[in-house]
Amino acid sequence: MSSTSASASTSASASARSSYLIGLVGAGIGPSLSPALHQREAEHHGLRYLYRRIDLDTLGLGPDDVGALVRTARRLGYDGLNITHPGKQTVIPYLDDLSEDARALGAVNTVVFGEDGRSCGHNTDWSGFAQSFARGLEDAPTRRVVQLGAGGAGAAVAHALLTLGADRVTLVDADRDRACALAAGLTGRFGDGRAYAAPREQLGALLAGADGLVHATPMGMAHHPGLPFPAGLLHPGLWVADVVYRPLDTELLRQARALGCRTLDGGGMAVFQAAHAFRLFTGREPDPARMLAHMAALVAA
C-alpha cells in the first residue's frame with residue numbers, strides 16, 4: 001500500500017473511534033501548548049484525547065534515542081506522536097513508511113500508527129507555515145528570502161516558501177553541510193537557482209539585500225533565550241517571520257518591530273500544523289479558526 005493510500009485508510013478507520021492516546025517527543029517541551037491545543041479541539045468533537053509530553057531532557061536522552069521512543073510508544077498503544085526539535089530527522093530511519101512530503105523534505109513532525117502497528121511519518125510543518133504565511137504576510141515580497149536554520153523545521157519552511165512562489169531562498173546554518181544538502185534537495189524539486197546555501201559570515205550582506213528573513217532555529221525559545229544574530233543586521237525594509245512560538249513574542253520579533261519591520265510570529269504555524277496533524281490522528285476535520293482562538297487564550301493565560 002502506498003503512503004498516500006495508507007494515510008487515507010488510517011484516517012477513515014480513525015474517524016470511527018472516540019478515544020486517542022497521542023504523545024509529543026522533543027527536548028525542553030515543558031512549555032509546549034500542543035497538548036492543550038489538541039485536547040481543546042478534541043473536546044469539540046466529543047473525543048477522549050490524552051496527549052502526553054515525552055521530554056528528552058527530562059529522560060536524559062538525546063536525538064538518537066527518538067527512534068527507540070517511537071518503538072516504545074507503539075508497544076504502549078499510542079495512536080500517534082508529534083516530533084519536535086531535535087528529532088525530526090533522526091526519527092526517519094525508525095519508521096515503516098513516509099508520506100510523499102515527509103520523504104521529499106527529509107523531516108517528520110507527525111507519526112501515525114496504523115491498526116496493523118506500522119508507523120507512517122508525515123510533515124505538517126510545511127503546510128502549517130504556508131497557511132500561516134499566506135494569512136499573515138500574504139502580499140509580502142519574496143524575490144529574495146534569507147532563511148536562518150536548515151534543520152527539520154528549516155527544511156519544511158524552505159519548501160513552503162518555494163511552494164508559495166519565492167524566487168530564491170538562501171539558507172544559512174551553523175552546519176554548512178546541512179544547508180548545502182537542503183539547498184540541493186530544494187533545487188532538485190523546484191529548479192536551479194531557487195535555493196542556495198551561504199556561510200554565516202555572509203548573513204549581514206545577505207540581509208541587506210533581502211526582502212525577508214525567516215528564522216528557523218531554536219534560538220529565542222524559552223530555554224534558548226536571546227537573538228540568533230546581532231540586532232544591527234536588521235533593517236526596516238525586511239519582513240521577519242519566526243517559527244518559535246514559546247514565547248510568541250521573541251526578542252527577534254520585538255527588535256524587528258521596533259525598526260518598523262512587518263513580522264509574523266510562530267503561533268499561526270503551530271496552530272495550522274497542529275490542525276493538519278489532528279486530522280491525520282483522528283480523521284476528523286478540525287476548525288482552524290477555533291484552534292487559533294484556543295491558541296490566543298492559551299498564550300494569554
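No hydrogens, no waters, no symmetry mates; every other heavy atom, side chains included, goes into these values.
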**Student:** Can you tell me how far the CG atom of Asp192 sits from the CG atom of Leu186, to the nearest 0.5 Å?
**Tutor:**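 Separation between the atoms: 12.0 Å.
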**Student:** Are Val66 and Leu56 packed together at the side-chain level, in the sense that at least one heavy-atom pair is separated by less than 4.5 angstrom?
**Tutor:** yes
**Student:** Side-chain heavy atoms nearer than 4.5 Å, only ILVMFWY residues, links allowed to pass through others: does that put Leu234 and Leu253 together?
**Tutor:** yes
**Student:** Does Phe133 share a hydrophobic cluster with Val145, counting links as ILVMFWY side-chain heavy atoms below 4.5 Å and allowing steps through other members?
**Tutor:**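 Looking at the clustering, Val145 is in the same group as Phe133.
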**Student:** Closest heavy-atom contact between Gly136 and Arg262?
**Tutor:**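 Scanning both residues completely, I find the closest heavy atoms to be O-NH2, 3.8 Å.
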**Student:** Do Arg290 side-chain atoms and His44 backbone N/O form a donor-acceptor pair below 3.5 Å?
**Tutor:**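 Not at all, since once roles are kept as given, no pair shorter than 3.5 Å links the two residues.
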**Student:** Can you measure from CD1 (Ile54) to OG1 (Thr72) and round to the nearest 0.5 angstrom?
**Tutor:**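 Between Ile54 CD1 and Thr72 OG1, I get 9.0 Å after rounding to 0.5 Å.
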**Student:** May I have the step-by-step check of side chain to side chain contact (heavy atoms under 4.5 Å, CB included) for Tyr78 and Val70, ending in yes or no?
**Tutor:** CA-CA 9 Å; Tyr78 278 74; Val70 169; over 6 Å; no
**Student:** Please determine whether residues Val25 and Leu95 belong to a single hydrophobic cluster, defined as Ile, Leu, Val, Met, Phe, Trp and Tyr linked transitively by side-chain heavy-atom distances below 4.5 Å.
**Tutor:** yes
**Student:** Quick one: does Arg118's side chain have a donor or acceptor within less than 3.5 Å of a partner on Asp97's backbone?
**Tutor:** no
**Student:** Run the side chain to side chain contact (heavy atoms under 4.5 Å, CB included) check on Val172 and Gln202 step by step: do they pass?
**Tutor:** CA-CA 9 Å; Val172 178; Gln202 294 181 11; over 6 Å; no
**Student:** What are the two closest heavy atoms between Ala277 and Thr110, and how far apart are they?
**Tutor:**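 Residues Ala277 and Thr110, closest heavy atoms: CB-OG1, 3.7 Å.
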**Student:** Does any part of the side chain of Met219, heavy atoms only, come nearer than 4.5 Å to the side chain of Thr250, both counted from C-beta?
**Tutor:** no
**Student:** Do Glu251 and Gln255 get their side chains close enough for a donor-acceptor pair, meaning under 3.5 Å?
**Tutor:**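 Checked: Glu251/Gln255 side chains pair up, N/O donor to acceptor below 3.5 Å.
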**Student:** Do any N or O atoms from the side chain of Gln39 and from the backbone of Tyr51 form a donor-acceptor pair under 3.5 angstrom?
**Tutor:** yes
**Student:** Below 6.0 angstrom between ring centroids: does that apply to Phe278 and His45?
**Tutor:**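 Yes, they do, as the ring centres are separated by less than 6.0 Å.
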**Student:** Find the distance between CZ (Arg284) and OG (Ser18) and round it off to the nearest 0.5 Å.
**Tutor:**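 Rounded to the nearest 0.5 Å, the CZ-OG separation comes to 7.5 Å.
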**Student:** Measuring from Asp242:CG to His215:NE2, what's the distance to the nearest 0.5 Å?
**Tutor:** 5.5 Å
**Student:** Do Val240 and Arg257 come within less than 4.5 Å of each other through their side chains, counting heavy atoms only?
**Tutor:**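 When only atoms from C-beta onward are counted, Arg257 and Val240 do not touch, as no gap falls below 4.5 Å.
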**Student:** How about CZ on Arg48, more than 12 heavy atoms from neighbouring residues, nucleotides or ligands closer than 6.0 Å, or not?
**Tutor:** no
**Student:** More than 12 non-hydrogen atoms from neighbouring residues, nucleotides or ligands closer than 6.0 Å to CZ on Arg135, yes or no?
**Tutor:**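 Open.
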**Student:** I'd like to know if the side chain of His235 and the backbone of Leu207 have a donor-acceptor N/O pair within less than 3.5 Å.
**Tutor:**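 Side chain of His235 to backbone of Leu207: a pair is present.
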**Student:** Can you find a pair of side-chain heavy atoms, one from Tyr245 and one from Met295, that are under 4.5 Å apart?
**Tutor:**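 Tyr245 vs Met295: side chains touch.
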**Student:** Quick one: do Leu162 and Met269 end up in the same hydrophobic cluster if we chain Ile, Leu, Val, Met, Phe, Trp and Tyr together by side-chain heavy atoms under 4.5 Å apart?
**Tutor:**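 They do share one cluster, since a chain of ILVMFWY contacts under 4.5 Å joins Leu162 to Met269.
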**Student:** My understanding is that only one of His276, Lys88, His159 makes a side-chain hydrogen bond (donor to acceptor under 3.5 Å, both in side chains) with Asp125; could you say which?
**Tutor:**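 The single option meeting the side-chain hydrogen bond (donor to acceptor under 3.5 Å, both in side chains) with Asp125 is Lys88.
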**Student:** Strictly below 4.0 Å, N to O, side chains only: are Asp265 and Arg246 in salt-bridge contact?
**Tutor:**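 Answer for the salt bridge query: no.
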**Student:** Would you check if the side chain of Arg74 reaches a backbone N or O of Phe113 as a donor-acceptor pair within less than 3.5 Å?
**Tutor:**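 Pair absent, no side-chain N/O of Arg74 close to backbone of Phe113.
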**Student:** Within the distance-only criterion (no hydrogens, no angle test), does the side chain of Ser132 pair as donor or acceptor with the backbone N or O of Gly128 below 3.5 angstrom?
**Tutor:**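 Flag not set: sc Ser132 to bb Gly128 has no pair under 3.5 Å.
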**Student:** Do Phe190 and Thr163 pass the side chain to side chain contact (heavy atoms under 4.5 Å, CB included) test, and can you show the C-alpha distance, the side-chain angles, and the key distance before you say yes or no?
**Tutor:** CA-CA 8 Å; Phe190 293 96; Thr163 299; 3.5 Å; yes
**Student:** Hey, are Asn123 and Ser99 close enough side-chain-wise for a donor-acceptor pair under 3.5 Å?
**Tutor:**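 Checked: Ser99/Asn123 side chains show no N/O donor-acceptor pair below 3.5 Å.
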**Student:** Taking the side chain as everything from C-beta on, heavy atoms only, tell me whether Leu59 gets closer than 4.5 Å to Leu69.
**Tutor:**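 Touching, per the 4.5 Å side-chain cut-off.
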**Student:** Using only atom types and a distance under 3.5 Å, with no angle test, would you say the side chain of Asp55 pairs donor to acceptor with the backbone of Ile29?
**Tutor:**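 Yes; judged by distance alone, with no hydrogens or angles, the pair exists.
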**Student:** Looking only at heavy atoms, what is the nearest atom pair of Gly220 and Pro247, with distance?
**Tutor:**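 Distance-wise, the nearest heavy atoms are O-CD, 3.2 Å.
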**Student:** Could you tell me if the side chain of His224 sits less than 4.5 Å from the side chain of Val244, heavy atoms only?
**Tutor:**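 In short, these two side chains do not touch, never coming nearer than 4.5 Å.
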**Student:** Would you check if the distance from the ring center of Tyr49 to the ring center of Phe281 is below 6.0 Å?
**Tutor:**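 No, ring centres 6.0 Å or more apart.
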**Student:** Roughly how far apart are Glu138 CD and Leu164 CG, rounded to 0.5 Å?
**Tutor:** 11.5 Å
**Student:** Can you tell me how far apart CG (Leu171) and CG (Leu182) are? Round to the nearest 0.5 Å.
**Tutor:**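 Here the rounded value is 5.0 Å.
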**Student:** Taking C-beta and beyond as the side chain, do Thr170 and Arg144 meet within less than 4.5 Å on heavy atoms?
**Tutor:**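 No, too far: nothing below the 4.5 Å cut-off.
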**Student:** I need the minimum non-hydrogen distance between Leu37 and His294, along with the two atoms involved.
**Tutor:**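 Here Leu37 and His294 meet closest at CD1-CB, 3.8 Å.
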**Student:** What are the two closest heavy atoms between Ile83 and Val108, and how far apart are they?
**Tutor:**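 Of all heavy-atom pairs spanning Ile83 and Val108, the closest is CB-O, 3.8 Å.
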**Student:** Would you mind reporting whether Ile22 and Asp79 have side-chain heavy atoms less than 4.5 Å apart?
**Tutor:**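 Sidechains of Ile22 and Asp79: in contact.
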**Student:** So, does Trp239 use its side chain to make a donor-acceptor pair with the main chain of Pro141 at under 3.5 Å?
**Tutor:** yes
**Student:** Let's go through Arg254 and Leu227 carefully: what are the C-alpha distance in whole Å and the side-chain angles of both, what is the deciding distance for side chain to side chain contact (heavy atoms under 4.5 Å, CB included) to 0.1 Å, and is it a yes or a no?
**Tutor:** CA-CA 10 Å; Arg254 288 195 294 272; Leu227 285 168; over 6 Å; no
**Student:** Report yes or no: does Arg178 contribute a side-chain atom to a donor-acceptor pair with the main-chain N or O of Asp173 at less than 3.5 Å?
**Tutor:** no
**Student:** Distance-only, no hydrogens or angles: does the Asn82 side chain make a donor-acceptor pair with backbone N or O of Leu24 under 3.5 Å?
**Tutor:** no
**Student:** Same hydrophobic cluster for Leu61 and Val111, using side-chain heavy-atom links shorter than 4.5 Å among ILVMFWY?
**Tutor:**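 Cluster IDs for Leu61 and Val111 match.
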**Student:** So which heavy atom on Ile92 is nearest to which on Ala107, and how close?
**Tutor:**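 That closest heavy-atom pairing would be CD1-N, 3.6 Å.
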